[in-house]
Every structure is written in C-alpha cells, then in structure tokens.
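I have placed the structure first, in the form of structure tokens, so that the comments after it can refer back to it.
When reading the values below, keep in mind they use all heavy atoms of this one structure, side chains included, and skip hydrogens, waters and symmetry mates.
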Amino acid sequence: MPELIKPRPKFLNLFAIRLPLAGYASIFHRVSGIGLFLMLPLLIWLLDKSLSTAEAYAQFKAFFDCILVKLVLVGLLWAFLHHFCMGVRILLLDIHVGIDKVSAHNSSIAVMAVSLTLTAVLGAKLLGIY
C-alpha cells in the first residue's frame with residue numbers, strides 16, 4: 001500500500017499544475033472582485049458626472065468617448081458579470097446543489113459561457129456596435 005502513495009513535491013511549480021475549469025473560474029472570481037473593488041472610485045466618479053449638472057454630463061460624455069475608457073468599462077462589465085454568475089454558482093454549492101464532480105464542471109462551464117456571452121452582447125452595445 002505505501003508504494004501507491006506519490007511522493008509530495010519539494011516545490012510547487014504553479015505553471016505545471018493543471019487546475020480544473022472550476023479552479024480557473026474561482027481564480028477569476030477573486031480577480032474580478034479585486035478589480036471591481038479597485039475601480040469603484042472611477043465608477044462612482046462616472047456616476048456623479050453623469051447625474052449632476054449639464055456641464056458635468058458634457059464632461060462625462062467627453063471622457064466616455066475615449067476608446068480606452070470604453071475598453072476599461074467592458075473589462076469592468078466582464079468582472080461584474082463573472083463575479084455575479086460565479087457568486088450564484090457558489091451559493092448553489094453552499095446549499096449542496098451540484099457538488100458532484102460532473103455537475104461542478106458543467107456549472108463552471110455555464111458560468112464562463114454565460115458571463116462571456118453577456119459581456120460580448122452588452123460590450124457591443126457599450127461600444128456602439130449596434
């Protein structure tokens with residue numbers, strides 16, 4: 001029996017470890033939460049500019065016309081949508097829905113697909129494609 005036990009690695013090579021899709025979804029959940037938190041002052045400033053006076057709204061429109069700002073907002077849109085979808089998945093896991101391996105893999109695929117699809121659709125609207 002002891003010969004079946006693999007020896008533990010002496011160091012962890014993070015690039016050699018193969019995570020399951022649920023692991024990547026969990027890492028993206030944390031990254032999206034950090035990104036949303038760090039960009040909160042920008043979002044509050046944009047909301048203030050868009051709602052206060054007509055002059056401030058003109059400043060908002062001028063700032064928002066920059067393609068770089070729109071790309072940052074598309075990134076924030078993905079962060080929000082992924083964080084939301086993954087949060088729903090985690091809540092379902094907390095009540096023991098989909099905790100077996102196949103269901104967990106399928107739900108992580110669903111999180112990625114839904115968040116990326118919604119980001120593409122809403123990002124195209126944000127960028128003025130339609």
Side-chain angles (χ1 to χ4, degrees):
M1 186 75 161
E3 64 274 356
L4 297 177
I5 299 173
K6 293 181 183 179
R8 301 192 107 198
K10 297 195 183 340
F11 65 97
L12 287 177
N13 183 357
L14 295 178
F15 298 106
I17 296 174
R18 276 188 39 115
L19 282 176
L21 186 60
Y24 287 112
S26 177
I27 290 171
F28 289 150
H29 179 73
R30 292 170 188 229
V31 169
S32 65
I34 291 168
L36 287 170
F37 176 74
L38 291 177
M39 296 304 283
L40 197 59
L42 172 71
L43 294 173
I44 292 172
W45 181 76
L46 285 174
L47 180 66
D48 177 55
K49 288 293 179 189
S50 70
L51 295 177
S52 51
T53 63
E55 294 82 19
Y57 183 72
Q59 289 176 347
F60 165 77
K61 287 294 286 179
F63 182 73
F64 194 74
D65 284 339
C66 177
I67 190 70
L68 186 61
V69 173
K70 287 184 181 183
L71 290 177
V72 167
L73 290 177
V74 169
L76 284 172
L77 183 64
W78 168 82
F80 172 74
L81 291 170
H82 179 80
H83 202 75
F84 177 78
C85 293
M86 188 66 182
V88 170
R89 177 184 182 265
I90 290 171
L91 286 174
L92 290 173
L93 290 175
D94 285 345
I95 60 171
H96 301 287
V97 174
I99 57 174
D100 59 301
K101 191 173 184 177
V102 174
S103 297
H105 179 73
N106 290 339
S107 66
S108 59
I109 289 174
V111 164
M112 295 293 213
V114 168
S115 66
L116 289 174
T117 303
L118 286 174
T119 301
V121 170
L122 295 174
K125 180 68 175 170
L126 181 72
L127 293 172
I129 294 174
Y130 68 93

- Assess whether side chain to side chain contact (heavy atoms under 4.5 Å, CB included) is satisfied between K49 and Y57, documenting all intermediate values. CA-CA 6 Å; K49 288 293 179 189; Y57 183 72; over 6 Å; no

- What heavy-atom pair brings L43 and L76 nearest, and what distance separates the two atoms?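 L43 and L76 have their closest heavy atoms at CD2-CD1, 3.9 Å.
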
- Message: Show the nearest heavy-atom pair for residues H82 and V111, with the distance to one decimal.
- Response: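 In this case the closest contact between H82 and V111 is CE1-CG1, 3.7 Å.
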
Is there a chain of hydrophobic side chains (I, L, V, M, F, W, Y, each step under 4.5 Å between heavy atoms) that links [X] to [Y]?
| X | Y | answer |
| --- | --- | --- |
| F63 | V72 | yes |
| L126 | I67 | yes |
| L127 | L118 | yes |
| L42 | F37 | no |
| I99 | V88 | no |

Do [X] and [Y] come within less than 4.5 Å of each other through their side chains, counting heavy atoms only?
| X | Y | value |
| --- | --- | --- |
| I109 | H105 | yes |
| F64 | K70 | yes |
| V74 | L122 | no |
| L19 | I27 | yes |

From [X] [atom1] over to [Y] [atom2], what is the distance, rounded to the nearest 0.5 angstrom?
| X | Y | atom1 | atom2 | value |
| --- | --- | --- | --- | --- |
| L71 | C66 | CG | SG | 8.5 Å |
| S50 | K61 | OG | NZ | 11.0 Å |
| D48 | T53 | CG | OG1 | 9.0 Å |
| M86 | L91 | CE | CG | 11.0 Å |
| L73 | W78 | CG | CH2 | 15.0 Å |
| L21 | S107 | CG | OG | 9.0 Å |

Sidechain-backbone polar pair: [X] side chain, [Y] backbone, donor-acceptor under 3.5 Å:
| X | Y | value |
| --- | --- | --- |
| H83 | H29 | yes |
| Y24 | S108 | no |
| R89 | A25 | no |
| T119 | S115 | yes |

- Item | Stepwise ring pair (Phe, Tyr, Trp, His ring centres under 6.0 Å) test for W45 and F60 | CA-CA 9 Å; W45 181 76; F60 165 77; 8.2 Å; no

- Message: For a quick check under 3.5 Å, do S103 and D100 share a side-chain donor-acceptor pair by atom type?
- Response: yes

